[in-house]
Amino acid sequence: MNASDDRSAAGREGLNRPLGETSDDRSAAGREGLNRPLGETSDDRSAAGREGPDRPRQAHRPIVEARGIHKHFGPLHVLRGVDLVVAERELVFVIGPSGSGKSTLLRCLNRLEEPSSGSVMVDGIDLLDRRTDLNAARQRIGMVFQSFNLYPHMTALGNVALALRKVQGKARAEAEARAMAALERVHLADRAGHYPGQLSGGQQQRVAIARAIALEPRVMLFDEPTSALDPELVGGVLQAMRELREGGMTMVVVSHEMGFARAAADRVVFMADGAVVEEGPPAQVFGAPREARTRAFLGQVERA
Ligand SMILES: Nc1ncnc2c1ncn2[C@@H]1O[C@H](COP(=O)(O)OP(=O)(O)OP(=O)(O)O)[C@@H](O)[C@H]1O
Ligand SMILES: [Mg+2]
């Protein structure tokens with residue numbers, strides 16, 4: 001078995017285990033990930049050694065590798081050469097002013113938007129290659145938006161199972177068993193038979209998260225998952241995300257929840273005007289931002 005088989009097996013294992021029940025190995029990796037620059041894990045040294053001394057060392061192999069992304073909408077040049085590399089199990093938090101291109105960047109990562117130029121690799125698949133089966137590739141990329149987009153005439157279980165049946169062709173019984181397991185992971189098993197109209201906004205968003213994780217993606221993209229929620233409902237969604245992270249999920253999160261970013265992000269990326277201005281560990285970006293634009297943005301957020 002080669003190293004990548006090994007890692008993807010670990011990833012799958014992570015997805016099937018209930019949230020919050022991390023193995024020692026995984027939680028150790030998570031803790032290390034917070035305080036240490038990527039590239040210095042012990043388990044990676046041998047891999048780096050095999051690759052030779054000149055190759056950059058990565059703690060875990062990149063799951064997302066977007067390079068030189070440009071996006072034009074007519075005359076608007078909204079992404080101006082963005083690089084975003086996300087290592088396995090990393091939680092990268094993207095912040096920036098309205099209109100800076102955060103959503104467009106996320107949408108380029110699963111090709112809901114087609115970049116004007118650049119390259120996007122997800123889990124080793126070239127998303128911009130015409131030969132790539134986009135539907136298959138997109139199953140590796142879960143996405144959660146501000147609006148939950150659940151079908152109102154279907155129960156929570158039905159909504160989650162539908163994706164498994166339609167996208168993965170699972171038979172009803174298997175789809176429902178997996179859907180139930182996904183609902184358990186967001187602590188909503190007891191609401192499986194409820195319709196969206198009978199659930200709070202926070203619960204609906206957790207159903208949307210369950211719908212995404214049921215497909216066992218390799219990376220989850222979140223675009224302002226809590227910004228449509230009443231304040232008292234935000235915590236449950238953030239908790240589900242935190243548990244997802246602890247279970248080893250690779251995540252890219254666009255959000256204004258700076259407290260969550262400080263506590264849970266491995267890396268914070270600050271974007272402005274379609275470019276990455278600054279990035280680093282949360283303690284550095286929030287505590288000692290290097291760039292004047294970052295300081296100005298954080299100052300506005302704090303005053304808001
Ligand atoms: N489909 C589109 N057609 C034309 N312009 C677009 C389209 N989508 C986004 N834009 C423009 O691209 C720019 C970046 O938008 P984007 O939604 O990525 O910003 P954002 O950082 O996510 O902002 P917000 O914080 O408000 O969500 C904006 O000027 C927006 O108006
Ligand atoms: Mg946006």
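Atoms within each ligand, like the ligands themselves, are counted from 1 in listed order.
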Do Thr132 and Asp126 have side-chain atoms, one donor and one acceptor, less than 3.5 Å apart?
->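 There is no such pair between these side chains.
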
Are a donor atom and an acceptor atom from the side chains of Arg206 and Gln203 found within less than 3.5 Å of each other?
->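 Their side chains do not contain a donor-acceptor pair, so the 3.5 Å distance test is not met.
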
Counting heavy atoms only, which of Ser103, Ser100, Ser227 comes nearest to atom 22 (O) of ligand 1?
->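 Looking at heavy atoms only, the winner is Ser103.
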
For atom 21 (O) of ligand 1, which of Lys102, Lys71, His256 has the closest heavy atom?
->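 Ranked by closest heavy atom to atom 21 (O) of ligand 1, first place is Lys102.
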
Going by heavy atoms, is [X] under 4.0 Å from ligand 1?
X	result
Glu224	yes
Gly96	no
Pro97	yes

Hey, is the Mg ion (ligand 2) within less than 2.8 Å of some N/O/S atom on Ser103?
->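 It does: Ser103 brings an N, O or S atom closer than 2.8 Å to the Mg ion (ligand 2).
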
Under 4.0 angstrom from atom 31 (O) of ligand 1, is there any protein heavy atom?
->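 False for atom 31 (O) of ligand 1.
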
Relative to the ring of His72, is the ring of His77 parallel (under 30°), tilted (30 to 60°) or perpendicular (over 60°)?
->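 Aromatic pair His77/His72 classed parallel.
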
Among Leu109, Leu84, Asp83, Val120, find the one that has a side chain to side chain contact (heavy atoms under 4.5 Å, CB included) with Ile69.
->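 The side chain to side chain contact (heavy atoms under 4.5 Å, CB included) with Ile69 is passed solely by Val120 among Leu109, Leu84, Asp83, Val120.
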
Val234 and side chain to side chain contact (heavy atoms under 4.5 Å, CB included): which partner among Leu238, Val237, Asp230?
->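 Going through Leu238, Val237, Asp230 one by one, the side chain to side chain contact (heavy atoms under 4.5 Å, CB included) with Val234 is satisfied by Leu238 alone.
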
